[in-house]
There are 2 protein chains.
Amino acid sequence: MTAQTLHVPSACGDCPIRHRAVCAHCDHDELLELEEIKYYRTFEAGQTIIWSGDMMSFVGSVVSGIATLTQTMEDGRTQMVGLLLPSDFVGRPGRDGAAYNVVATTDVVMCCFRKKPFEELMARTPHIAHRLLQMTLDELDAAREWMLVLGRKTAREKIASLLSIIARRDASVAAKGNAGPTTFDLPLTREAMADYLGLTLETVSRQISALKKDGVIQLEGKRHVTIPDMRRLMDEAGDDSDGGYLI
Amino acid sequence: MTAQTLHVPSACGDCPIRHRAVCAHCDHDELLELEEIKYYRTFEAGQTIIWSGDMMSFVGSVVSGIATLTQTMEDGRTQMVGLLLPSDFVGRPGRDGAAYNVVATTDVVMCCFRKKPFEELMARTPHIAHRLLQMTLDELDAAREWMLVLGRKTAREKIASLLSIIARRDASVAAKGNAGPTTFDLPLTREAMADYLGLTLETVSRQISALKKDGVIQLEGKRHVTIPDMRRLMDEAGDDSDGGYLI
DNA sequence: CGGAGAATTGACCTACCTCAAGATTAGTGG
DNA sequence: CCACTAATCTTGAGGTAGGTCAATTCTCCG
């Protein structure tokens, strides 16, 4: 609820995701065209950015903060199907209705492009189309990785998988199998973690407690996590020892 | 094991997936370029087309038959992460190693493109890149739909979901909420269904028996399925009544 | 006819869910 | 600064959906 003042970039040159988002490969002229059709919007933690089924007037990138993509059944069961971090793309060019709910987990700044002009720009700008293809392929891989987690891993492995994924990119882990401790803040509530993992929040809580008791993780408060030994956590996740992330 | 003679198209004009595969938007000249770098390969039912981790010398399209994309953990737990039907694309431009096992479920004909030349062609042929983006976005949607199935649905709902997906496209179902019976052959063994759904094959078998006893489906032999009332099946799948497939 | 893979069915077990009671933390207003 | 409330989280006790193990049965082919 705290309406903090969020940092909004003043121009693309200033933008923290300039080299990772859809615009990553754009040259100067292409950026100028993008500037034409873009605007920033901010959302408070907890706010719904897009409702499933709604018409989408924009697509865009997460500039800062974290948002979730969720699907819900009529009886209320919900499954998170994506975790949106800075530079991730929201919306599907070529489709008008949103297929998922997009909810801000923390305060979020979005860089929005008016949808129609963006689609036209994309049609004549291979740099953008190509980058979007790359990003979509990456997301597809992540989704498939997650299907293994959802379908075949135990609750304990699920938690360990989620923690190691968050740790891997949130804290800038040193390159290979760094043995030193890693530390980060959990951006998700227990309930959100449960929705991500196809568990109940009670089970999430129990497994976190168990991992803590076994020394796999340390907790400071409810949200601040320290991983003394990253390799140990990855073993618990059931991935092959190299992390399972082959290129 | 039957090494049947498979129909292999003699040229793109002849090809059954000409208007749905990566080449769908190509004009005549672009097709000629594709012909240069393409060749057909056939695989028998049960054969592994690609091993996870292997170098990939080609990418390509499934022309006929059905193949599966699977991920395996060290201890043998396996999860299917994709079902490849005619026109589906295999391989990831820009990556050398395969991330998944690709296995032929039936006899399969593949239209393969040598990887390097294909990547170069794609770089200067927006028609191909654009079509691949479309297809990848569709796959991502399918993967996310499947995450809901894996994470939140009951065994019975999982089976009903799988059956309704197969029914929807395998049998050419008449347009909207057709009440007439639909019939098709299951292209998957019980074990493959289990790997798709994150279940054991015993549970798959039990739930199919239950759906049969309750009149939701009818079986002739083990594989031939009749759906007397498609809407009923979709209710059992837990999707919203319109099928949940909004565009 | 015989053998092998595929499927079914039963009996039992366990990982996770459900329901419920407290504990902890953070936010609010006096 | 301190209650007061509402989230959020933890922990326990007991139930159940689906897993495991094992024995048949079915079906396809040689």
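Convention: sequence-line order gives letters A, B, ...; per-chain numbering from 1. Quantities reported herein were computed from a predicted structural model and do not represent experimental measurements.
- Side-chain atoms of A:Glu191 stay outside donor-acceptor range of the base of D:dC9, with no qualifying N/O pair under 3.5 Å.
- Rounded to whole angstrom, the span from the CG atom of B:Leu219 across to the C1' atom of D:dT25 amounts to 16 Å.
- Distance from the side chain of B:Thr200 is smallest to D:dT20 among D:dT20, C:dA6, C:dC16.
- Across all strands, A:Ser209 comes closer than 4.0 Å only to sugar-phosphate atoms, never to a base (heavy-atom distances).
- A donor N or O paired with an acceptor N or O is not found under 3.5 Å between the base of D:dT27 and the side-chain atoms of B:Arg190.
- For A:Ile208 and C:dT24, the CD1 to P distance is 17 Å, given to the nearest whole Å.
- Within 6.0 Å of CD on B:Glu191 lie no more than 12 heavy atoms contributed by other residues, nucleotides or ligands.
- Among the atoms of the strands shown, only primed sugar atoms or phosphate atoms (P, OP1, OP2) are found under 4.0 Å from some heavy atom of A:Thr189.
- At whole-Å resolution of the value, CD1 in A:Ile159 and P in D:dC9 are 12 Å apart.
- As judged by a 4.0 angstrom heavy-atom cut-off over every strand, A:Leu199 is placed among residues touching the sugar-phosphate backbone only.
- The separation between A:His224 atom NE2 and C:dA26 atom P is 14 Å, rounded to whole Å.
- Heavy-atom distances to DNA chain C give each of A:Gly221 and A:Lys153 a nearest nucleotide, and the one nearer the 5′ end belongs to A:Lys153.
- Atom-to-atom, CG of A:Leu188 to C1' of D:dA7 comes out at 17 Å; the value is rounded to the nearest Å.
- One interatomic measurement links the two molecules: CZ of B:Arg206 to P of C:dA11, which rounds to 11 Å at whole-angstrom precision.
- Each of A:Lys222 and A:Glu202 was assigned the nucleotide of DNA chain C with the nearest heavy atom; the assignment lying further toward the 5' end belongs to A:Glu202.
- Going from atom OG of A:Ser209 over to atom CD1 of A:Ile217 covers 8.5 Å, rounded to the nearest 0.5 Å.
- Among the heavy atoms of the strands, none lies under 4.0 Å from B:Gly46.
- Checking side-chain atoms of B:Asp75 against main-chain N and O of B:Arg77 turns up a donor-acceptor pair under 3.5 Å.
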Determine, step by step, whether B:Asp195 and A:Arg152 satisfy the side chain to side chain contact (heavy atoms under 4.5 Å, CB included) criterion, reporting the C-alpha distance in whole Å, the side-chain angles of both residues, the deciding distance to 0.1 Å, and the verdict. CA-CA 9 Å; B:Asp195 285 344; A:Arg152 292 302 187 194; 3.1 Å; yes

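- At a threshold of 4.0 angstrom between heavy atoms, the contacts of A:Arg156 with the nucleic acid are absent.
- In this structure, A:Thr203 reaches the C:dC17 phosphate: one of its side-chain N or O atoms is under 4.0 Å from OP1 or OP2.
- Using bins of under 30°, 30° to 60° and over 60° for the plane-to-plane angle, the ring pair B:Phe58/B:Tyr39 lands in the perpendicular bin.
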